[in-house]
Amino acid sequence: MKQGDFTQVAKYYHNRPAYSAFLLEKLIACVKAQDLPMHSFCVAEIGAGTGKLSKMLANFGLKLTCVEPNQNMRNEGIAYTQSCPIIWREGSGEDTLLESGSYDWVVMASSFHWTDPSKSLPEFARILKPQGYFSALWNPRNIKEDSVFYEIESEIKRIVPELQRVSSGSQNAKKYEEVLISTGHFKDCFFMECDYVEIMDKSRYMGVWHSVNDIQAQAGEVRWQEILKMIEQKIAGLALIEIPYKIRAWSAQKITHQS
């Protein structure tokens with residue numbers, strides 16, 4: 001498996017956690033013009049994956065266009081959101097293929113770290129309307145040292161000592177307030193965070209692990225199977241698994257240059 005290629009894991013993505021509706025409501029209130037009705041608030045979700053966030057945004061009544069480069073992921077997203085009035089398109093963070101100046105809000109959920117900010121941020125500014133916003137969200141696990149999740153992470157590091165996680169818990173520690181304004185296209189970055197919990201059965205929890213790309217790519221098949229077996233053993237005595245997450249969002253406003 002190639003790191004960053006989600007073709008083989010797309011079918012497992014429906015197992016992944018959602019995002020906090022509470023945080024989304026507050027975030028929308030911050031980035032949307034107060035006098036603009038929801039159905040006129042045009043949103044482009046880039047790297048939309050299988051539509052986990054997409055359906056939540058559509059349920060707020062937003063006018064939504066989803067862009068996803070991977071065909072398998074996009075197909076899963078189309079199927080998952082078929083009851084929602086969402087437009088799906090092929091494209092990437094660096095080349096969305098969307099119309100210039102057409103969107104009030106551009107958002108990426110657990111995917112901005114796969115882009116090159118020197119190219120994706122100018123692209124987001126291009127498709128945004130004047131005064132529009134870009135937001136990057138993540139839903140990393142909130143791992144405590146006395147938990148089974150900490151034990152699992154420790155074992156993974158033992159099995160794959162050279163492992164470099166792309167986005168997971170404390171590893172997702174980039175200073176995005178600096179990244180978002182680094183190209184000169186955005187200003188006034190602000191941060192939101194809240195706790196979020198999902199309860200899963202063992203089947204879904206293992207499905208989440210099957211959707212993880214970076215560990216599989218770096219571990220190789222033999223060690224990956226060892227990791228899966230270890231996790232199954234760790235959760236064997238649990239009927240349900242209560243997983244704490246920390247939803248984080250960084251947002252910045254497009255700079256509109258006056259002529």
Side-chain angles (χ1 to χ4, degrees), residues 1-20 47-53 68-77 80 108-115 136-174 176 195-248:
M1 179 182 294
K2 182 180 178 182
Q3 185 157 307
D5 182 357
F6 296 89
T7 302
Q8 297 180 47
V9 300
K11 61 185 178 181
Y12 296 110
Y13 252 70
H14 66 279
N15 296 293
R16 287 204 162 195
Y19 295 81
S20 166
T50 60
K52 183 68 73 169
L53 177 68
E68 169 56 42
N70 184 279
Q71 182 176 338
N72 284 24
M73 296 281 276
R74 195 166 61 252
N75 290 344
E76 293 283 340
Y80 178 65
M108 294 194 80
S110 301
S111 53
F112 180 59
H113 54 277
W114 291 110
T115 76
L137 290 79
W138 284 270
N139 54 357
R141 290 162 298 146
N142 189 17
I143 299 174
K144 306 295 184 181
E145 288 195 12
D146 58 348
S147 68
V148 66
F149 312 113
Y150 186 82
E151 294 176 11
I152 289 171
E153 289 295 318
S154 298
E155 281 296 297
I156 291 174
K157 290 175 183 176
R158 180 189 65 78
I159 296 169
V160 191
E162 75 278 15
L163 180 66
Q164 295 292 322
R165 296 304 307 271
V166 176
S167 175
S168 177
S170 60
Q171 286 85 5
N172 184 14
K174 284 188 177 181
Y176 284 106
D195 293 320
Y196 177 71
V197 174
E198 282 217 15
I199 299 174
M200 303 181 183
D201 60 22
K202 286 186 282 190
S203 176
R204 183 184 172 195
Y205 182 69
M206 291 308 300
V208 173
W209 280 105
H210 278 285
S211 75
V212 176
N213 169 271
D214 57 350
I215 298 179
Q216 292 192 59
Q218 294 178 56
E221 182 62 21
V222 174
R223 291 192 294 180
W224 175 240
Q225 291 304 319
E226 182 182 353
I227 288 170
L228 292 178
K229 184 177 180 180
M230 175 273 295
I231 296 171
E232 289 176 344
Q233 292 172 344
K234 289 286 186 183
I235 65 172
L238 303 175
L240 293 173
I241 304 164
E242 187 172 316
I243 310 166
Y245 292 87
K246 184 76 72 171
I247 313 299
R248 294 169 175 155

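Along the sequence shown, the residues carry numbers beginning at 1.
Checking side-chain atoms of Glu76 against main-chain N and O of His14 turns up no donor-acceptor pair under 3.5 Å. Distance alone, capped at 3.5 Å, is enough to place a donor-acceptor pair between the Glu68 side chain and the Gly49 backbone. Without hydrogens or angle criteria, Arg204 side chain to Arg16 main chain gives a donor-acceptor distance under 3.5 Å. A donor-acceptor pair under 3.5 Å is absent between the side-chain atoms of Lys157 and the main chain of Leu163, judged by distance alone.
Using a 4.0 Å cut-off between charged nitrogen and carboxylate oxygen, Glu155 and Lys234 do not count as a salt-bridge pair. Comment: Arg223 does not engage Glu226 in a salt bridge, judged by the lack of any side-chain N to carboxylate O separation of less than 4.0 angstrom.
Using a 4.5 Å cut-off on side-chain heavy atoms (C-beta onward), Tyr19 and Ile247 make contact. The closest side-chain heavy-atom distance from Glu162 to Gln218 is not below 4.5 Å.
Note that CD1 of Ile152 and CD1 of Ile235 are 7.0 Å apart. Values are rounded to the nearest 0.5 Å.
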**OP:** Give the intermediate values and the outcome of side chain to side chain contact (heavy atoms under 4.5 Å, CB included) for residues Trp224 and Leu228.
**Re:** CA-CA 6 Å; Trp224 175 240; Leu228 292 178; 3.5 Å; yes
Original post:
Taking it one step at a time, do Ile243 and Tyr205 satisfy side chain to side chain contact (heavy atoms under 4.5 Å, CB included)?
Top reply: CA-CA 9 Å; Ile243 310 166; Tyr205 182 69; 3.4 Å; yes
**OP:** Go through the steps to decide whether Asn15 and Met200 satisfy the test side chain to side chain contact (heavy atoms under 4.5 Å, CB included), and finish with yes or no.
**Re:** CA-CA 9 Å; Asn15 296 293; Met200 303 181 183; over 6 Å; no
**OP:** Could you walk me through whether Trp138 and His113 pass side chain to side chain contact (heavy atoms under 4.5 Å, CB included), step by step?
**Re:** CA-CA 10 Å; Trp138 284 270; His113 54 277; 2.8 Å; yes
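A donor atom on one side chain and an acceptor atom on the other are not found under 3.5 Å apart for Tyr245 and Ser20.
For Asp195, the salt bridge (Lys or Arg N to Asp or Glu O under 4.0 Å) criterion is met by Lys246, not counting sequence neighbours.
More than 12 heavy-atom neighbours from other residues, nucleotides or ligands sit within 6.0 angstrom of CD on Gln225.
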